[in-house]
Amino acid sequence: MENLKIALGITLRPFSGFWDLKYEKKGKLKVAFLIIIGVALTMIFERRVSAFLFNPYRKLPVNLISTFRNVIGPYILFCVANWSVTTLMDGEGKMSDIFMAVGYAMLPMILIRIPLAILTNVLTFDEAAMVTFLKNIATFWSYFLVFSGIMTVHQYGMFKTLVTLFLTLVACGVMIFIAILFYNLLWQLVGFVGTIYTELLLRF
Amino acid sequence: MRMKQLLASVMLLVVLASGITTVAAQPPYKSYTYTLRDFDAPSPVPYMPVQIIDKNILGVELKEPQDFVYDAEGNFYILTLGSTTQGSASIVITDKNWKVTKVINTFKNNGKDDYFKKPTGLFVTQDKRIFVCDTDNKRVVVIDMDANLLQIIEKPQVEFFYSDYEFTPRKVAVGNTGSIYLVVKNDYNGIMEMDANGTFMGYIGSNRVAANPLELFWKSIFSQKQRDQMIQYVPIEYGNIHMEKNGFMFVVSPSETVAQPVRRLNAGGRDILIRKGYTGTVSGDRVTTNKSIFVDVTVDDWGIYSVLDQRRGRIFSFSSEGDLLYIFGNSANQVGTFKTPVAIDTKDEKLYVLDSGNENLSIFEMTDYARLIKTANKAYYDGEYDLSSQIWNQVLRINANFELAYVQIGRVLLRKEQFKEAMEYFELGNYRGSATSRDNGYTKAMTEYRKDYLRDNFGIFASSLLAAVALLWLLRFLKRRKTAVKTDENWEGDSA
């Protein structure tokens, strides 16, 4: 209950909230992870509950693994990339601080999108603009929270935060590139070993 | 050993026999529709091949046939391209029992024998005048049934046509008023219209090229050379005309890139084709490359039009509202498939497709499935909504994957103001309704249902709202009293 209060406090008053999170040691990594899992569950909830008009895929099966992967994967990627960038740029945040800040920042997604999913059941296309608007609000609010969270946790100014966020995205790209490269090379290696094995098998 | 052989031969016979029956029941092509999300959904066979008319049945050569028509008495006229030898291009005229009554390959022009050279288009008017697009001779020849020359239409003597303009007519159609409509090869202006005497009147159905602001901007700063290198956006070239009895024209453009390959033009050349179908577009296969190439179109007495795709030998049928009904056909050499289909026409419940590659005319007959769809459509447009939804239910019993059937039942229910049921059927048909027009579909049904629901239950809503306000007020009152009592006690305690 206390944790929820803190999380809501961050959502409504981000700068002092994130300050407390880090320097008053009020944040818990567990809660941040719970929120991220909550976001994934929200996505599934949306698929199952929101009305046919706004969700033509309602009847199609939900892939749990890919949903979780699509939420948790980017989260970890972003946090790690941000940590790698900010460590080089005198950021004060530790890895756990970043995970916490970004995790807590995702709360508006849950707060807005779950009631919205229920609400769509009484809406028609005439109100479609409202639905899009609310969804956008949830997204931009979360983005703003990420921004202010990064800013507070690392004790950056506005400009430096923007620069690091940009660099974080670049780092994300680099990491994905290396991951794909690694994956490819690994498979080539596996293939190579496999070929040698077959060759040996056929020769002797 | 003998026993085994006998058993084997019996089994082989059984296999062969069953093979024969399945071939008879299954035509050598697939039939399908597209769902709202552009997935192909298999459907029962709408048309079965019943007869193939080729040179064995006719008794005359059918060398690369290009076009065919039929007249009111059911006589068929088939135009063959022929070889390079003079007089081999001909019009084969048969009666309705496919007995050849006449072959026209020559006519008298100023006392001399004249021939067609690679003719590609044919039209027969109600008073039995035969229009032939004599393509390589760059003229349109009009003859009567006895091959007497009536008229020759050549390149119009109008200043509009510069000297190197090639007048190569490919297809011709004649309206009720006698106006002649021509599709001319490499002429991107539209369909050429002439009056009954062959005097040039103008073009109809020409495409307006939309001016793109960004493009205009680039053009304004580019040099002349750069501008010439930009892609030239030319209006479309038409491929074929189908003249309807009521004077409207169905036209197709055999182009992959054109946005609207099928159009229905009125006399003024405006496109009046209704595209309110549940899939939204009137187009071919949902593929990104090697798109369908429409070479001919025909429309039956119930407004259902069928478009012929030359690339895959498919026939696409749409209702008059633009709903995709069924697709069938294939490219092959078997009975009921095509190599290079060039022309399509329909009469009663039959569909005729002329194949220039296989050099034959395939006749297809409607199956019960297509007949049900046809009658359901007819009932709907005649205003017999109950009957129509009944028939659509029968269609669903044959093909439960057919989204359109659900949508049509939903439309009927919507008209009958049974909004809740309409919503159910629209959801089954995956039809959300278009966000722009909002005139039907799930969203319309839901808007009405919600309105009705709120009106019917206004009392409950209003009273529960009042009750909630009252409750809140009461709670607040109680709380306030409690705190008041508390302060009283405190005050007493202090004094003690």
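Just so it is clear, the model here is predicted, and its values are computed rather than measured. So that the names make sense, note that chain A is the first sequence line, chain B the second, and so on, each numbered from 1.
When the heavy atoms of residues 29-54 of chain A are compared with those of chain B, the residues falling under 4.5 Å are Phe52(A), Leu53(A), Phe54(A), listed by number. Residues of residues 453-464 of chain B placed with any heavy atom under 4.5 Å of a heavy atom in chain A are absent; none qualify. Contact annotation for residues 385-410 of chain B against chain A (heavy-atom separation below 4.5 Å): no residues qualify.
Taking a 6.0 Å sphere around CZ of Arg13(A), one finds it holds 12 or fewer heavy atoms contributed by other residues, nucleotides or ligands. Around NZ of Lys22(A), the count of heavy atoms belonging to other residues, nucleotides or ligands within 6.0 Å exceeds 12. Heavy-atom neighbours of Lys30(B) NZ from other residues, nucleotides or ligands within 6.0 Å: at or below the threshold of 12. Counted within 6.0 Å of OH on Tyr23(A), heavy atoms from surrounding residues, nucleotides or ligands total more than 12; the atom is thus considered enclosed. In Tyr381(B), the OH atom is crowded: over 12 heavy atoms of neighbouring residues, nucleotides or ligands sit closer than 6.0 Å. Within a 6.0 Å radius of CG in Leu4(A), other residues, nucleotides and ligands contribute more than 12 heavy atoms. Applying the 6.0 Å contact sphere to CZ of Phe15(A) captures more than 12 heavy atoms from other residues, nucleotides or ligands.
Atom NZ of Lys444(B) sits about 10.0 Å away from atom OG1 of Thr124(A), to the nearest 0.5 Å.
Qualifying side chain to side chain contact (heavy atoms under 4.5 Å, CB included) partners for Met95(A), counting only residues two or more places apart in sequence or in other chains: Val80(A), Trp83(A), Phe99(A).
In terms of heavy-atom pairs under 4.5 Å with chain A, the best-connected choice from Glu427(B), Met423(B), Met446(B) is Glu427(B).
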